[in-house]
Amino acid sequence: MNKRKYDPASIEEKWRRIWEEKKINYTDITDHSKKYYCLDMFPYPSGSGLHVGHWRGYVLSDVWARYKKLQGYNVLHPMGWDSFGLPAENDAIKKGIHPKISTKNNIENIKRQLKEIGAMYDWTKEINTSDPEYYRWTQWIFLQMFHKGLAYRAEMPINWCPNCKTGLANEEVINGCCERCGTTVTKKRMMQWMLRITQYAERLLSDLDRLDWPEKVKVMQRNWIGKSEGASVLFKVDNGSDIELEVFTTRPDTLFGATYVVLAPEHPLVFKITTPDRLSQVREYVEKAINKSDLERTQLSREKTGVFTGAYSINPVNGKRIPIWVADYVLVHYGSGAIMSVPAHDMRDFEFARKFSLPVIEVIYSEDAKRNKDGSLLDAYEGKGVLLNSGHLTGMDSDEAKAAIVRWLEKSGKGCFKVTYKLRDWVFSRQRYWGEPIPIVYCDNCGTVPVDEKDLPVVLPDVESYRPTGTGKSPLAGIPDFVNTICPKCKGPATRETDTMPQWAGSSWYFLRYPNPNLKTAAFDRDVVDKWLPVDCYIGGVEHAILHLLYARFFTKFLYDIGVIGFDEPFMRLFNQGMVTKFSEKTGKLEKMSKSKGNVVNPDPLVKKYGTDTVRLYELFIGPPEVDSEWNDSGIEGCFRFLKKAWDFVVKEVDKNSQTNDISRKRLHLLIKRVTERIEEFKFNTAISAFMEFLKDLPDDTCYSKEDIEKFVILIAPFAPHFAEELWCEILKNEETIFRAKWPGFDKSLIVEETMTIPVQVDGKLRGTLSVSKNIDAESIFEAALNLEAVTKIIGNKRIVKKIYIPGKIVNFVLEK
RNA sequence: GCCGGGAUGGCGGAAUGGCAGACGCUACGGACUUAAAAUCCGUUGGAAAGUAAUUUCCGUGAGGGUUCGAAUCCCUCUCCCGGCACCA
């Protein structure tokens, strides 16, 4: 008799080595007859390595990839490194280690950890965004955008840390303060490279409907794009000039209630309309507002401020003369940077009007409006209603009035229907070292000139100091060898752009590179990517719900538009795994695992103690994959015990060398059904419970043939691959890897029970159960149910008002009250 | 403030209109053992009654509703988590 016990230490490394040697995880991309692209969001190679929270997503996608492979798909499951970025650069500043070196070391460590997960990554397809052979193509895509006018330069305010003397990315600004030194971040206007993502706003919005993504993520993207429909209205300035102010409103029906106009402090017409007597006050206000930090302007106080310009404008609809103000509650980058103010029907306008004693004219009447005793509005009423004080439109309902006013505006040339988006163009410049150099040259004769494609990549040079220059330029500006070059056009002396791209650049197209990661002649081969993409299933954390996923969609649509790929959405299905949380001593709360919260759990010691397969199982068993779960070390024992039991079960059954009996076959087929269905639904936690239930109360006469025990081992293979492979090859004596085996099907007829247990209720309370044939008719089951002692006792001599039988589900008797 | 998601035993969770608490952990009791580890068996939501098998009542954040029947559907509220936040 075989007495071998389950010993993960002796099998896991062995199989990983053999899989690698035999290229089990290699994906032949020329075979795309039944392809499946299962992609993980690739990691930033951080110095602290992976914790059990990272593991969760990787285990999840690996189970899915292995399941697909066992179903006969040719699965592409690659991995790579999003390796440009700030932590490496900040480390370089602090410790003086070149980002290239620290990145390389970090990748080595994380790769070791990833390999320990036992995932079926095809490492021959590894990519690295900071590799010149990769970022050459990131630069190439930028040039294509430049040629199409989608990449442009503009003077934009950037986040500026006056202490570090450097520009900061949005993600480096925490609550209005510099992430590194805590100084309040201010703004600085600088020339920036921008990408015209707003040109894609409508498609990015409407194509969301085609995607099989979590509704939550789609909602977040929709809100971020922020489409709103309304009207653009022209207000003539009443100073003898021809100046007209364009305002945007979603409520053209309230136009008669406009009692003043407000410009954003940065609005270009502010000083053209301000009257001489008001000039000094306006100048003072504007300067103060512009220099306010985001924190001061949006978060600290919502108290309205503003200043009167001295000028008036004419409301086009009724010719009324209303004052023009400047106030920082109007944002320059939204709509036209100017609004018509309708205090009666907008909360913000109402507050402002009250503070500066401006008139409030009610133009939408509703019973729901909150009023003072004298009938005047207590607060702005923002809902719908019937028009009031609105000339010939009085009495119309607000929806009709919207359309009527827009029609009138268009007819009279005073405005038009208008759609605006909250989405803004993408600031693509970083005044930083560790990123892709923007491949542009400035020439005194030719102006802004793109680097020739044949001269890509523009290689990031080594620098002496990573410290920002203090002028707001990147450290690259301090390297004459890099900066000074010749103009690609006229061959005269020229200088290079020294800004680099943001970290999002490389990850906006990496999924296109995996099938052909070493292609020298192009970013990707159209024939190949058209076969393999879009990605069938993309798995990662919800923290990338907006930016990364939006940018990747934007890049994909652009590449589709220029005809280099044949699809315009990168990820058909998206799955967001829940966070792994743990109580943090620092904050006193349950928190997402992170180094700063001091609540990370390192998987390495757990792997050492229990083996990879047990940790994999526990990562899945901890809870539903899409929901946040709390990590608790003690639960892992259960998964280890389960694997030991499963091992002993297989060994014992193989030893019997017998045939499967009826009851055992039925149990196995039920297990196949449950596991298959639960994997399909991504309910890996209950798929594992199905195995545990199967093993828990094995009937005494359990008996399986070799063929059937193999089915059991295949079922468990996606979850515990080393475990299954060892049983498959060493105990079941198969020659070839289990991952070339076929996922078992189940026989429905075997699972259906001839008899079923039906609960019997009286007045909705359980009083007993009946074991009956599955074909029983209602009358017979009522008869049987009424013979149950517990039922007759409760009924007594009360009358039964209603008898209910839901076939296969329940019997219920309703008694007279 | 607005938009999502959530709240079920000591703990992680299962059940998405039909037997609440599957499965696992913890704890307790027992078997095996010189002993320990490992393993196996049993109990483990609360309350009450009974020598006992067992029986009864209560119970899914709070309150109301729909239904023969609600953890599940609807309304109101509380708390927690996430996103957005002067977007006209």
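The basis for the numbers below is simple: all heavy atoms, side chains too, and nothing from hydrogens, waters or symmetry mates.
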Residues which pass salt bridge (charged side-chain N to carboxylate O under 4.0 Å, His left out) with [X], listed by chain and number, not counting sequence neighbours:
X      : answer
A/R222 : A/D209, A/E215
A/E246 : A/K418
A/K644 : none
A/R56  : none

**Message:** Given 3.5 Å as the limit, does a donor-acceptor pair link the side chain of A/H267 with the main chain of A/V332, or not?
**Reply:**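 Answer holds: no.
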
**Message:** If we ignore hydrogens and angles and just use 3.5 Å, is the side chain of A/Y381 paired with the main-chain N or O of A/K384 as donor and acceptor?
**Reply:**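 At least one qualifying donor-acceptor pair exists.
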
Any [X] side-chain N or O less than 4.0 Å from OP1/OP2 of [N]:
X      : N     : value
A/R641 : B/C25 : yes
A/K644 : B/U39 : yes
A/K216 : B/G4  : no

d([atom1], [X]; [atom2], [N]) in whole Å:
X      : N     : atom1 : atom2 : answer
A/Y6   : B/A38 : OH    : P     : 17 Å
A/K696 : B/C40 : NZ    : P     : 11 Å
A/K402 : B/A88 : NZ    : P     : 11 Å
A/F350 : B/C86 : CZ    : P     : 21 Å
A/Y805 : B/C68 : OH    : C1'   : 16 Å
A/D697 : B/C23 : CG    : C1'   : 12 Å
A/F694 : B/A22 : CZ    : C1'   : 17 Å
A/F691 : B/C23 : CZ    : C1'   : 13 Å

**Asked** Which parts of nucleotides 9-19 of chain B does protein reach within less than 4.0 Å, heavy atoms only, written one letter per nucleotide 5' to 3' as B for base, S for sugar-phosphate only and - for none?
**Response** ---BSS---BB

How far does the [atom1] atom of [N] sit from the matching atom of [M], given to the nearest Å?
N     : M     : atom1 : answer
B/G30 : B/G17 : C1'   : 42 Å
B/U76 : B/A85 : C1'   : 26 Å
B/U66 : B/C11 : P     : 33 Å
B/G10 : B/C28 : C1'   : 13 Å
B/G4  : B/C74 : P     : 13 Å
B/G42 : B/A35 : P     : 23 Å
B/A14 : B/C68 : C1'   : 26 Å
B/C41 : B/G9  : C1'   : 23 Å

**Message:** Would A/R678 pass as a cation-pi partner of A/F684, given that its NZ or CZ must be under 6.0 Å from the six-membered ring centre and within 45 degrees of the axis?
**Reply:**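 Checked: cation-pi criterion not met.
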
**Message:** Please compare A/W224 and A/S336 by the position of their nearest nucleotide in RNA chain B and report the one closer to 5'.
**Reply:**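 Its nearest nucleotide being more 5', the pick is A/W224.
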
**Asked** Which residue lies toward the 5' end of RNA chain B, A/M692 or A/I546, if each is placed at its nearest nucleotide?
**Response**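 The answer here is A/M692.
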
**Asked** Between A/W647 and A/Y6, how do the two ring planes meet: parallel, tilted or perpendicular, split at 30° and 60°?
**Response**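 A/W647 vs A/Y6 ring planes: tilted.
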
**Prompt:** So which heavy atom on A/Y285 is nearest to which on A/V326, and how close?
**Reply:**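 Taking every non-hydrogen atom into account, CE2-O, 3.8 Å.
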
**Asked** For A/Y618 and A/G635, which heavy atoms make the closest approach, and how far apart are they?
**Response**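 So the minimum-distance heavy-atom pair works out to CE1-C, 3.5 Å.
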
Reckon [X] touches a base, only the sugar-phosphate, or nothing at all at heavy-atom distances under 4.0 Å?
X      : result
A/K645 : sugar-phosphate
A/K803 : nothing
A/T581 : nothing

**Item:** Partners meeting side-chain contact (heavy atoms from CB on, under 4.5 Å) with A/D7 (sequence neighbours left out)
**Value:**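 Partners of A/D7 by the side-chain contact (heavy atoms from CB on, under 4.5 Å) criterion, ordered by chain and then number, come out as A/A9, A/S10.
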
**Audit row: A/Y421, A/E202, side-chain hydrogen bond (donor to acceptor under 3.5 Å, both in side chains) steps and yes/no** = CA-CA 9 Å; A/Y421 301 89; A/E202 188 57 45; 2.3 Å; yes

**salt bridge (charged side-chain N to carboxylate O under 4.0 Å, His left out) partners of residues 616-632 of chain A, not counting sequence neighbours, each pair once** =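 Non-adjacent pairs meeting salt bridge (charged side-chain N to carboxylate O under 4.0 Å, His left out): A/D62-A/R616.
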
Could you go through residues 802-812 of chain A and list every donor-acceptor pair under 3.5 Å that involves a side-chain atom there, pairing it with any protein atom two or more places apart or in another chain?
residue: A/Y805; atom: OH; partner: A/G808; partner atom: N; Å: 3.2
residue: A/N812; atom: OD1; partner: A/D763; partner atom: N; Å: 3.4
residue: A/N812; atom: OD1; partner: A/G764; partner atom: N; Å: 3.2

Collect all protein-nucleotide pairs involving nucleotides 72-80 of chain B in which both atoms are nitrogen or oxygen and the distance is under 3.5 Å.
none

Give every donor-acceptor pair under 3.5 Å between a side-chain atom in residues 247-255 of chain A and any protein atom, sequence neighbours left out.
residue: A/T249; atom: OG1; partner: A/R251; partner atom: N; Å: 2.8
residue: A/R251; atom: NE; partner: A/D253; partner atom: OD1; Å: 3.1
residue: A/R251; atom: NE; partner: A/D253; partner atom: OD2; Å: 3.3
residue: A/R251; atom: NH1; partner: A/E382; partner atom: O; Å: 3.0
residue: A/R251; atom: NH2; partner: A/D253; partner atom: OD2; Å: 3.0
residue: A/R251; atom: NH2; partner: A/G383; partner atom: O; Å: 3.3
residue: A/T254; atom: OG1; partner: A/R251; partner atom: O; Å: 2.8

**Request:** With the side chain of A/T249 defined as its heavy atoms from C-beta on, choose the nearest nucleotide among B/C84, B/C23, B/A88.
**Result:**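 Of all the options, the side chain of A/T249 is nearest to B/A88.
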
**Asked** Going by an N to O cut-off under 4.0 Å, is there a salt bridge joining A/K683 and A/E677?
**Response**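 Salt bridge flag = no for A/E677 with A/K683.
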
Output a table of nitrogen or oxygen pairs between the protein and nucleotides 53-58 of chain B separated by less than 3.5 Å.
none

**Request:** Quick one: the dot-bracket string of RNA chain B, using Watson-Crick and G-U wobble pairs with both distances under 3.5 Å, [ ] for crossing pairs and | for bases paired to another strand.
**Result:** (((((((..(((.....[....))).(((((.......))))).(((((....)))))..(((((..]....))))))))))))....

**Anti versus syn assignment for B/G9, with syn defined as within 90° of 0** =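 Chi for B/G9 falls in the syn range.
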
